[in-house]
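Data first, discussion second: the structure below is written as structure tokens.
Source: prediction; values computed, not measured.
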Amino acid sequence: TLADRIRALQFFMKKLTQAEFDTELPSHLLKSGDELGDLARSGKKMQESIRRQVELDELTQLYNRRYGDKCLQQMCKKMQESGIEYCVAIGDIDFFKKVNDRYGHEAGDVVLTKVARILREKIMSKGYVCRWGGEEFLFVFYGRNGDAAYDVLQEIYDEIHSLTVSYENEEIRITMTFGLEEYDKNDGMEMAIRRADEKLYQGKETGRDKIVY
């Protein structure tokens, strides 16, 4: 009925204002050819636009830190309930400041977008990656132990090594350093991230361009 369709739209918009972006509109409402159908389709587009702004880093189109924190909390809960294995890693582009200083910040942005594309493609279906800050990225691998997560990072490492970023007749080559840690439910996710960060620091102190696990 008309009232039911209006209530569905009201419920959807309420959830949207509460930043709950997984709410779905009834398919028959989206397919409707009248004014309510137009409103429903506009609401759906608005939902997707706001989700991108809230959850994604504008430059890299990876998850941002805010959404990454939210996902971490959800995964901690799943780990405690199901015992599924998780691993976290932190990766950092080596000498990124030198790229900005030598070629300019626009070149640095190009490097970030190229790296982000590789990270997104390689981790697809294995977990997620977010831009943790600047040239630093956080990886979460679910349903994988440390060895399996290491294999994925090795694929990323190899792809980064073969990457050449072209910018204004310049060829920019980069490397990355990673710190990998298995998640222990007795220690918690914050401790796992801290240990991954410590391993990243260890890698940078011992020559960079490596995976520390």
Side-chain angles (χ1 to χ4, degrees), residues 21 45 47-72 87-142 144 146-181 193 196-213:
F21 301 116
K45 290 180 181 178
Q47 179 192 47
E48 294 168 354
S49 177
I50 295 175
R51 184 201 292 268
R52 285 194 296 270
Q53 294 179 39
V54 170
E55 296 181 354
L56 299 183
D57 173 67
E58 183 176 2
L59 176 64
T60 63
Q61 291 301 294
L62 299 176
Y63 291 135
N64 57 32
R65 182 160 186 161
R66 176 181 178 276
Y67 188 70
D69 278 329
K70 180 180 177 180
C71 290
L72 281 171
C87 291
V88 296
I90 299 179
D92 188 273
I93 300 175
D94 297 327
F95 302 113
F96 184 71
K97 184 178 183 301
K98 291 185 177 181
V99 173
N100 283 330
D101 291 344
R102 179 175 178 180
Y103 303 104
H105 288 278
E106 289 186 2
D109 287 348
V110 174
V111 169
L112 284 170
T113 56
K114 297 288 187 181
V115 168
R117 177 184 57 79
I118 292 173
L119 304 185
R120 184 168 49 248
E121 291 175 354
K122 291 297 181 181
I123 203 171
M124 190 177 298
S125 79
K126 304 176 183 70
Y128 73 89
V129 57
C130 67
R131 187 179 181 188
W132 204 234
E135 67 275 20
E136 195 170 75
F137 304 89
L138 176 75
F139 304 80
V140 178
F141 302 90
Y142 44 76
R144 282 172 167 76
D147 292 340
Y150 181 89
D151 290 341
V152 179
L153 284 180
Q154 185 65 54
E155 290 181 14
I156 293 172
Y157 175 90
D158 293 340
E159 189 79 12
I160 294 294
H161 252 261
S162 65
L163 174 67
T164 301
V165 179
S166 299
Y167 180 78
E168 293 186 351
N169 299 320
E170 296 281 359
E171 300 292 326
I172 305 172
R173 303 295 299 271
I174 60 166
T175 61
M176 287 188 70
T177 304
F178 303 86
L180 171 64
E181 178 69 23
I193 293 175
D197 196 47
E198 289 172 355
K199 289 177 178 177
L200 171 66
Y201 181 78
Q202 177 186 341
K204 286 188 169 291
E205 288 293 298
T206 55
R208 305 177 189 251
D209 188 22
K210 63 181 66 176
I211 303 169
V212 180
Y213 166 50

Given side-chain contact (heavy atoms from CB on, under 4.5 Å), test D69 with W132 step by step and report yes or no.
-> CA-CA 9 Å; D69 278 329; W132 204 234; 3.3 Å; yes
Please indicate whether F178 has more than 12 foreign heavy atoms, meaning atoms of other residues, nucleotides or ligands, lying under 6.0 Å from its CZ.
-> yes
Is the count of non-hydrogen atoms from other residues, nucleotides or ligands lying under 6.0 Å from Y167 atom OH greater than 12?
-> yes
Any Q61 side-chain heavy atom under 4.5 Å of T113 side chain = no
Contact summary for I193 and I90, nearest pair of heavy atoms | O-CD1, 3.8 Å
Is the backbone of G68 close enough, under 3.5 Å, to the side chain of Y128 for a donor and an acceptor to pair up by distance?
-> yes
Rounded to the nearest 0.5 Å, what's the gap from CD1 on I211 to NZ on K199? Could you check?
-> 12.5 Å
Answer whether the closest heavy-atom distance between the side chains of V165 and I174 falls below 4.5 Å.
-> no
Could you give the distance from CD (Q154) to CD (E159), rounded to the nearest 0.5 Å?
-> 12.0 Å
For I123 against V140, the heavy-atom pair lying closest together = CD1-O, 4.1 Å
For Y157, enumerate each residue passing the side chain to side chain donor-acceptor pair (under 3.5 Å) test, keeping only those at least two apart in sequence or located in another chain.
-> H161, D209
What residues, two or more places apart in sequence or in another chain, satisfy salt bridge (charged side-chain N to carboxylate O under 4.0 Å, His left out) together with E135?
-> none
Distance-only, no hydrogens or angles: does the R131 side chain make a donor-acceptor pair with backbone N or O of E136 under 3.5 Å?
-> no
Starting at CG of L62, measure out to CG of L138 and round the result to the nearest 0.5 Å.
-> 11.0 Å
Check whether any side-chain heavy atom of Y201 sits under 4.5 Å from a side-chain heavy atom of V212, and report yes or no.
-> no
Should L112 and V115 count as side-chain neighbours, where that means a heavy-atom distance under 4.5 Å?
-> no
Looking at CD of E205 and OG1 of T177, how far apart are the two atoms once the value is rounded to the nearest 0.5 Å?
-> 11.0 Å
Electrostatic pair K204-D94, nearest N-O below 4.0 angstrom = yes
Is a side-chain donor or acceptor of S49 paired with a backbone partner of K45 at a separation under 3.5 angstrom?
-> no
Mind checking the CD1-CZ spacing from I156 to R120? Nearest 0.5 Å is all I need.
-> 12.0 Å
With Y103 via ring-ring contact (aromatic ring centres under 6.0 Å, His included) - residues at least two apart | none
Is there a side-chain contact between F139 and L180, using heavy atoms and a 4.5 Å cut-off?
-> no
Any chance CD of E48 has more than 12 other-residue heavy atoms, nucleotides or ligands included, within less than 6.0 Å?
-> yes
Sub-4.5 Å side-chain heavy-atom contact between L153 and F141 | yes
Above 12 or not: heavy atoms from other molecules or residues under 6.0 Å from CD of E58?
-> no
Is there side-chain contact between E171 and S166, with at least one heavy-atom pair below 4.5 Å?
-> yes
Checking side-chain contact (heavy atoms from CB on, under 4.5 Å) for the pair T60/L119: CA distance, chi angles, key distance, verdict?
-> CA-CA 10 Å; T60 63; L119 304 185; over 6 Å; no
Where is the tightest heavy-atom contact between C87 and G146, given as atom of each residue plus distance?
-> SG-N, 3.4 Å
Roughly how far, to the nearest 0.5 Å, is CZ of R66 from CD of E55?
-> 8.0 Å
Should K114 and I118 count as side-chain neighbours, where that means a heavy-atom distance under 4.5 Å?
-> no
Stepwise side-chain contact (heavy atoms from CB on, under 4.5 Å) check, Y63 with L56 | CA-CA 4 Å; Y63 291 135; L56 299 183; 3.7 Å; yes
